[in-house]
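Below you'll find the structure, written out as structure tokens, and then a few comments.
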Amino acid sequence: MTKILVAGFKGRMGATATQMVLKNADFELVGVYDPIATEKDLAELPEFAGQHAPVFTELNATLVAEPEIWIDFTIPKAAVANTQFALEHKISPVVGTTGFTAADIKALQTLAEQQKTGGLIAPNFSLSAVLMMQFSKQAAKYFPDVEIIEMHHDNKLDAPSGTAVKTAEMLAEVRGDKPQGNPDEKESIPGARGANYAGMRIHSVRLPGLIAHQQVQFGGIGEGLTIRQDTYDRESFMTGVALACRKVRQASQLYDGLEYLL
Ligand SMILES: NC(=O)C1=CN([C@@H]2O[C@H](COP(=O)(O)OP(=O)(O)OC[C@H]3O[C@@H](n4cnc5c(N)ncnc54)[C@H](OP(=O)(O)O)[C@@H]3O)[C@@H](O)[C@H]2O)C=CC1
Ligand SMILES: O=C(O)C1=N[C@H](C(=O)O)C[C@H](O)C1
């Protein structure tokens, strides 16, 4: 059985991941982590009634549970330190928290190599999102004129989404740095054209009722192509999280994207 700890267990994703770990016979939930939790046992939460696991509120205290995997769905500010802590103790991180900078990821990858510890940071664990990014990269080769529209629930902290940033990075690999739109365009209201990544514009929509959606919209002379991905249920991320938990222990590097494990 693989021993797993979940950081951010009371959040939307952390709670879903905790349920996923409990449902899989080859996984053992050895603890959950949240520095401001007041519970001592997971079973104190009504949705986890009867499911006992220690609640940790200090990083070092988690080590008594001897986790092999650290699942992290927390907040950008905390996740970098959590991932560093996990790697320093040869615990394999499976991180879904978004908001890591390229420099954060590079530094953590170096640490993983030094520690000979495998792990994964993935801005999106859903298969349809991975395909949406790959199809978009393919299209950008022929249609360099593109705008990214990401749409999320209105409790989301980071903008643009991690998925939109990764999509832009992948598209930039093939289309380079090319300003999108009229070179002389002016914004009469600041922000009207969205965020700028290598000349591409990213638009972040936040509305109640949404979960996670992204549209990559290409334009050519007399034609257009829209590649869209929709998440209707957070359960959809769990196949990817479980797959990562099963594969990262055999790796000795920190991957940046679920596609490396598929
Ligand atoms: N990779 C993927 O496929 C996906 C990634 N995400 C990302 O996952 C992250 C979490 O999203 P979501 O679940 O919606 O957010 P929530 O706000 O619902 O959950 C975040 C949780 O983190 C807890 N938390 C805050 N600080 C810490 C800390 N220092 N250590 C441990 N836990 C902490 C919060 O607890 P408290 O309230 O007690 O402070 C809260 O329960 C986001 O970055 C989001 O973008 C989301 C969906 C899919
Ligand atoms: O906060 C979310 O909900 C999501 N965050 C991730 C992101 O920032 O890309 C993944 C997914 O879009 C859901």
Side-chain angles (χ1 to χ4, degrees), residues 1-37 39 41-56 62 65 67-76 78-79 82-83 86 91-100 119-130 132 150-158 161-163 166 206-214 229-248 257-258 261-262:
M1 291 233 277
T2 307
K3 294 177 165 192
I4 301 181
L5 181 138
V6 180
F9 71 104
K10 291 205 266 184
R12 286 173 288 272
M13 283 298 291
T16 313
T18 302
Q19 295 287 11
M20 179 281 290
V21 173
L22 290 168
K23 272 189 228 150
N24 279 278
D26 57 330
F27 295 157
E28 180 188 357
L29 184 72
V30 294
V32 292
Y33 172 72
D34 180 337
I36 63 162
E39 300 79 8
D41 191 303
L42 179 68
E44 289 171 44
L45 295 176
E47 66 270 38
F48 292 103
Q51 303 283 1
H52 296 283
V55 175
F56 297 104
T62 63
E68 296 164 276
I69 305 277
W70 180 287
I71 295 181
D72 199 291
F73 285 104
T74 60
I75 54 171
N82 290 351
T83 308
I91 304 166
S92 291
V94 172
V95 180
T97 313
T98 48
F100 284 67
L120 173 69
I121 298 177
N124 205 310
F125 279 100
S126 107
L127 184 58
S128 60
V130 171
M132 173 269 294
E150 57 95 337
M151 295 151 275
H152 281 82
H153 58 93
D154 59 349
N155 289 308
K156 186 162 178 59
L157 289 176
D158 54 323
S161 70
T163 308
K166 183 160 172 96
R206 297 289 177 265
L207 285 172
L210 296 176
I211 294 187
H213 316 260
Q214 183 167 295
Q229 186 268 341
D230 292 284
T231 301
Y232 303 118
D233 191 319
R234 290 185 175 83
E235 226 9 84
S236 62
F237 298 115
M238 292 305 130
T239 313
V241 178
L243 177 138
C245 290
R246 294 194 175 101
K247 288 202 168 174
V248 286
L258 182 65
L261 295 183
L262 293 176

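These numbers come from the heavy atoms of this one structure, side chains and all, not from hydrogens, waters or symmetry mates. In this chain, residues are counted from 1 in sequence order.
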Do [X] and [Y] touch side chain to side chain, with heavy atoms closer than 4.5 Å?
X	Y	result
Ile4	Glu68	no
Ser161	Gln214	yes
Asp41	Glu44	yes
Asn124	Thr98	no
Phe27	Lys3	no
Val32	Phe48	no
Phe9	Asp34	yes
Ile91	Ile69	no

Can you check whether [Y]'s main-chain N or O pairs, donor with acceptor, with [X]'s side chain at less than 3.5 Å?
X	Y	answer
His213	Ile211	yes
Asn24	Asp26	no
Lys247	Leu261	yes

- [ ] Indicate the atoms forming the closest heavy-atom contact of Thr2 with Cys245, along with that distance.
- [x]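 Where Thr2 meets Cys245 most closely, the heavy atoms are CG2-O, 4.4 Å.
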Atom [atom1] in [X], atom [atom2] in [Y]: separation rounded to 0.5 Å?
X	Y	atom1	atom2	value
Leu210	Met151	CG	CE	7.5 Å
Leu42	Leu29	CG	CG	6.5 Å
Tyr232	Ser128	OH	OG	9.0 Å

- [ ] Please assess Tyr33 against Leu5 for the test side-chain contact (heavy atoms from CB on, under 4.5 Å), listing each intermediate value before the final yes or no.
- [x] CA-CA 7 Å; Tyr33 172 72; Leu5 181 138; 3.9 Å; yes
TODO: Look at Lys156 together with Asp158 and state whether they make a salt bridge at an N to O cut-off of under 4.0 Å.
DONE: yes
Task: Carboxylate-amine/guanidinium contact Arg206 Glu150, below 4.0 Å - done: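 The answer is yes: the pair qualifies as a salt bridge.
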Side-chain donor-acceptor pairs of residues 235-243 under 3.5 Å, sequence neighbours excluded:
from, atom 1, to, atom 2, distance (Å)
Ser236, OG, Asp233, O, 2.7

TODO: Only counting residues at least two apart or in another chain, list the ones meeting side-chain hydrogen bond (donor to acceptor under 3.5 Å, both in side chains) with Thr74.
DONE: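 For Thr74 the side-chain hydrogen bond (donor to acceptor under 3.5 Å, both in side chains) partners, ignoring immediate neighbours, are Asp72.
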TODO: Would you please test Thr83 and Trp70 for side-chain contact (heavy atoms from CB on, under 4.5 Å) and show each step?
DONE: CA-CA 8 Å; Thr83 308; Trp70 180 287; 5.9 Å; no
Open item on the list: side-chain contact (heavy atoms from CB on, under 4.5 Å) for Ile75 and Leu157? Distances and angles first, verdict last.
Closed with: CA-CA 8 Å; Ile75 54 171; Leu157 289 176; 3.8 Å; yes
Open item on the list: Please evaluate residues Arg12 and Asn155 with respect to the criterion side-chain contact (heavy atoms from CB on, under 4.5 Å), reporting the C-alpha separation (whole Å), side-chain torsions for both, the decisive distance (0.1 Å), and the verdict.
Closed with: CA-CA 10 Å; Arg12 286 173 288 272; Asn155 289 308; 3.6 Å; yes
